[in-house]
K.L.:
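My questions all concern the structure below.
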Amino acid sequence: MDTAQLEHGTATRPQGWPGVVADWSSDQRSFKGASWGKVMMWIFLLSDTFIFSCFLLSYMTVRMSTTEPWPNPSEVFALEIGGVHLPLILIAIMTFVLISSSGTMAMAVNCAYRRDRRKTAALMLVTALFGALFVGMQAFEWSKLIHEGVRPWENPFGAPQFGAAFFTITGFHGTHVTIGVIILLVVAWKVLRGEFDDQRPGFLTGRRGRYEMVEIAGLYWHFVDLVWVFIFALFYLW
Amino acid sequence: MSELAHGTGSHLPAAEVPEMELPHPHGWWSTYVFSQDAKVIGIQYSFTALAIGSVALVLSWLMRLQLGFPGTFSFIDPQAYLQFITMHGMIMVVYLLTALFLGGFGNYLIPLMLGARDMVFPFVNMLSYWVYLLAVLVLVASFFVPGGPTGAGWTLYPPQAILSGTPGREWGIVLMLLSLCLFIVGFTMGGLNYVVTVLQARTRGMTLMRMPLTIWGIFTATVMALLAFPALFVGAVMMLLDRLLGTSFFMPTLVEMGQQLRYGGGSPILFQHLFWFFGHPEVYIVALPAFGIVSDLISTHARRNIFGYRMMVWAIVVIGALSFVVWAHHMYVSGMNPWFGFFFATTTLIIAIPTAIKVYNWLLTLWRGNIHLNTPMLFALGFIVTFVNGGLTGLFLGNVVVDVPLSDTMFVVAHFHMVMGVAPVMVIFGGIYHWYPKVTGRMLGETMGRIHFWITFLGAYAIFFPMHYLGLLGMPRRYHEIGETSFVPESAHDLNAFISVMALVVGAAQILFLFNLFWSLRRGREAGPNPWRATTLEWQTPETPPGHGNWGRELPVVYRWAYDYAVPGAADDFVPQNQKLPPPLHVARGEATA
Ligand code: HEM
Ligand SMILES: [Cu+2]
């Protein structure tokens, strides 16, 4: 397909940076192996990275600007289980669940490329279940904090910005997870019905789906997972 | 191609994408209203942007009436004046220029200039327009709610934006922030389409380094917008929370009317950083498409290949990258760390280098060109003049010591109107005169066009050039009325009246332009497929206006760059991108081989 090369009639490729530039600017498509949908998802995720970065940087800024002391997250997010005081236990479980879901997602992608429909759908459902579990635990955490009097505008443990940043950032991330769960369910449903085998036009857009949809959904899922790692490190551990 | 190994189904290269991948319209609604055809979406974007832009234009008349003849118009009280400048600024920058360049020109030109049948995800592309329309409607709604639109200035700085002294603090600011969020969501849907189409859906032979500069400008600007708008989005969300829920992201401890507010501990400067991390790239988001389009206009209408194509491409990319590290030059007086000022002044001055390269290359393209002084060319030249003018005052304002006294004066207003108001608008007009024949099949009236140009160009100078002087006198911006001030001489008031009259004249010229747009639809001269004898692909379509799917049965194949004008030995003075070899002159003339 590389007509640009044929035309120049030379087989020598530039090395180093010029080579990178030559590859990117070569004929028809810059990323040769990647489908449109996949490139689109990557670029969207790049943009979304900037959103989360801005949120996290803003959180750090208000943490510096506020005059009241910042509460100790280990204590705020501690639970008493069976009389034992466990700091951050719920967050640890949530993190574990979400990271496991990335594992099942990766397995689902693998099965999808093997055209193993049942296994793919099953693994995607497990992933979605993990995701729902995560959102459920987050809801529990929210209600616990709200119960203790933490609000976006005030906070009995210290700086009101703690409540504001907590609800905004975990809320935004939780929304991402929820959307991810919905995407996973839709794609799993399509896999089960075999829509990707006979390339039936999908709903809404009327476009033909391919198994790559599973991988694209997976990209999103891993991204949401990765973002959580940063939230975990910067908000809960710091 | 490696994905075949995955067995994921074949992604045929764009040139071979079967036509049935295109969504076909069924009936009137899906052809003209809920269309998924990028050309229709582009026209919808352009019309909506021009419509809301007219609102901003009318607001500028009202502001100028107040400034020129203070006390004459009782309905323009200080509150209303602030609301006018805010809506005028925000509409012009975001809802007119950004939407028109990327949504309008981008949608129409990207698939055509690249030899694609459509954008890669037409459905998402359609949604993009409708969300944009919703954003515009929400913005317009703020004129009709109690308290009216926000008067916080287009920069929306907290804390004042949400304090009770600011007009529109009840509803206006909420609708403004909501509308911005919607705009960003809608833009992202379209922007992803533009970027992926450029990267992945070019026709055979269209390497990146053969793309017309118009596409390079729009592409780079879109990438920048996808990275810059997130900051505005986050700022808008957090300010909404501050306003509606009473969080204190941006709100410090405040006393208002002797009462301490419930806010405290937030960082107003944080918003300024977020805003300008978006705001400065935004300047280039409207400038880069303008750069690209102007390059193509100049090359086509001077019948000369663009000078230093590679340098032009790299300059666009480098400007795009650098513009992410200059944002705090808008914040020299914000009270941030002075060392920041040193850093940001340095980066700001560095960005002048690639920009100057572009200007020199335009001039060298014109040098000894066969310049056709038609309307598009006039507007392109007008752009160069106003842009250089605004760029020079930018060098003043980029230096901390010069900026500090000039900050918040009419000098700043003059500067940014020259560089990002008048200059890109010149390109928009030039672009419309240039591509209207492709869109409608008819030429825009040339005489009306020239009248439009000269009034707009000279008028814009008459409006904004004296403002530099007023700024140097110390006349502040965003002031409803200057009143009797010792440092403003009597003559300056006459100057103000003169500026206002000119603003009305320039406004009237735009009505002539709108009239031309509709008049030429029926009465314009028949254009034919390629009236400008241009090389780029959009002029080589089998039908004019291009039909659904753009290219009939077969996609064009590209053999050359976009600037083969006046090639020695070629029969014509231009060689289209999809023409394989220029037939040698003597063959074309039917002469015997020597
Ligand atoms: C005939 C054309 C125009 C006229 C007469 C005009 C006039 C004005 C006036 C009088 C102000 C307020 C000055 C003050 O009191 O601070 C203003 C502000 C502004 N204008 Fe324009 N303008 C025009 C076109 C444009 C265009 C095309 C843009 C696009 C970038 C633009 C962007 C702005 C911005 C961003 C502000 C600042 C608003 C603020 O201070 O919050 N204007 N304009
Ligand atoms: Cu700037």
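Here is the naming used below: chain letters follow the sequence lines, and residue numbers restart at 1 for every chain. We use all heavy atoms of the structure for the numbers below, so side chains are in, but hydrogens, waters and symmetry mates are not.
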K.L.:
Taking non-hydrogen atoms and a cut-off under 4.5 angstrom, which of residues 144-153 of chain A neighbour chain B?
P.N.:
A/P152, A/W153

K.L.:
Check B/G265 against A/S65 and note the closest heavy-atom contact, atom names and distance.
P.N.:
O-OG, 2.8 Å

K.L.:
Could you please state which residues from residues 48-64 of chain A sit under 4.5 angstrom from chain B, measuring non-hydrogen atom to non-hydrogen atom, sorted by number, or 'none'?
P.N.:
A/F50, A/I51, A/C54, A/F55, A/S58, A/T61, A/V62

K.L.:
What part of A/F172 is in contact with chain B, defined as an atom under 4.5 angstrom from a non-hydrogen atom: side chain, backbone, both or neither?
P.N.:
side chain

K.L.:
Shorter than 4.5 Å, heavy atoms on both sides: which option in B/D242, B/T188, B/L270 has the most such pairs with chain A?
P.N.:
B/L270

K.L.:
Does any part of the side chain of B/V558, heavy atoms only, come nearer than 4.5 Å to the side chain of A/D27, both counted from C-beta?
P.N.:
no

K.L.:
By a 4.5 Å heavy-atom criterion (distance strictly below it), what part of B/F229 contacts chain A: side chain, backbone, both, or neither?
P.N.:
neither

K.L.:
Could you check which of A/S47, A/A112, A/P160, A/G37 has the highest count of heavy-atom pairs closer than 4.5 Å to chain B?
P.N.:
A/S47

K.L.:
Mind ranking A/G163, A/S30, A/A165 by heavy-atom pairs under 4.5 Å with chain B and telling me who comes out on top?
P.N.:
A/S30

K.L.:
Side chains of B/R204 and A/Q28, heavy atoms from C-beta outward: is any pair under 4.5 Å?
P.N.:
yes

K.L.:
Checking heavy atoms, do the side chain of B/V237, its backbone, both or neither come under 4.5 Å from chain A?
P.N.:
side chain

K.L.:
Please identify, among A/F167, A/F44, A/F196, A/W42, the residue contributing the most non-hydrogen atom pairs under 4.5 Å to chain B.
P.N.:
A/F44

K.L.:
With only heavy atoms counted, which part of B/M238 is less than 4.5 Å from chain A, the side chain, the backbone, both or neither?
P.N.:
side chain

K.L.:
Examine whether an atom of B/L241 lies under 4.5 Å from a heavy atom of chain A, and if so say whether it belongs to the side chain, the backbone or both; otherwise answer neither.
P.N.:
side chain

K.L.:
Keeping A/W36 on the side-chain end and B/Q200 on the backbone end, is there a donor-acceptor pair under 3.5 Å?
P.N.:
yes

K.L.:
At a heavy-atom separation under 4.5 Å, does B/L199 approach chain A through its side chain, its backbone, both, or neither?
P.N.:
both

K.L.:
Please test B/L226 against A/I43 for side chain to side chain contact (heavy atoms under 4.5 Å, CB included), starting from the C-alpha separation and ending with a verdict.
P.N.:
CA-CA 9 Å; B/L226 287 173; A/I43 297 171; 3.8 Å; yes

K.L.:
Just to verify, what does B/S30 make a side chain to side chain contact (heavy atoms under 4.5 Å, CB included) with, not counting sequence neighbours?
P.N.:
B/P25, B/H26

K.L.:
Which atoms form the tightest heavy-atom contact between A/W24 and B/R202, and what is the distance?
P.N.:
O-NH2, 4.3 Å

K.L.:
So, taking the atom named CG in B/L208 and the one named CG in A/D23, what distance separates them when rounded to the nearest 0.5 Å?
P.N.:
11.0 Å

K.L.:
Under 4.5 Å, heavy atom to heavy atom, which residues of residues 247-255 of chain B contact chain A?
P.N.:
B/T247, B/S248, B/F249

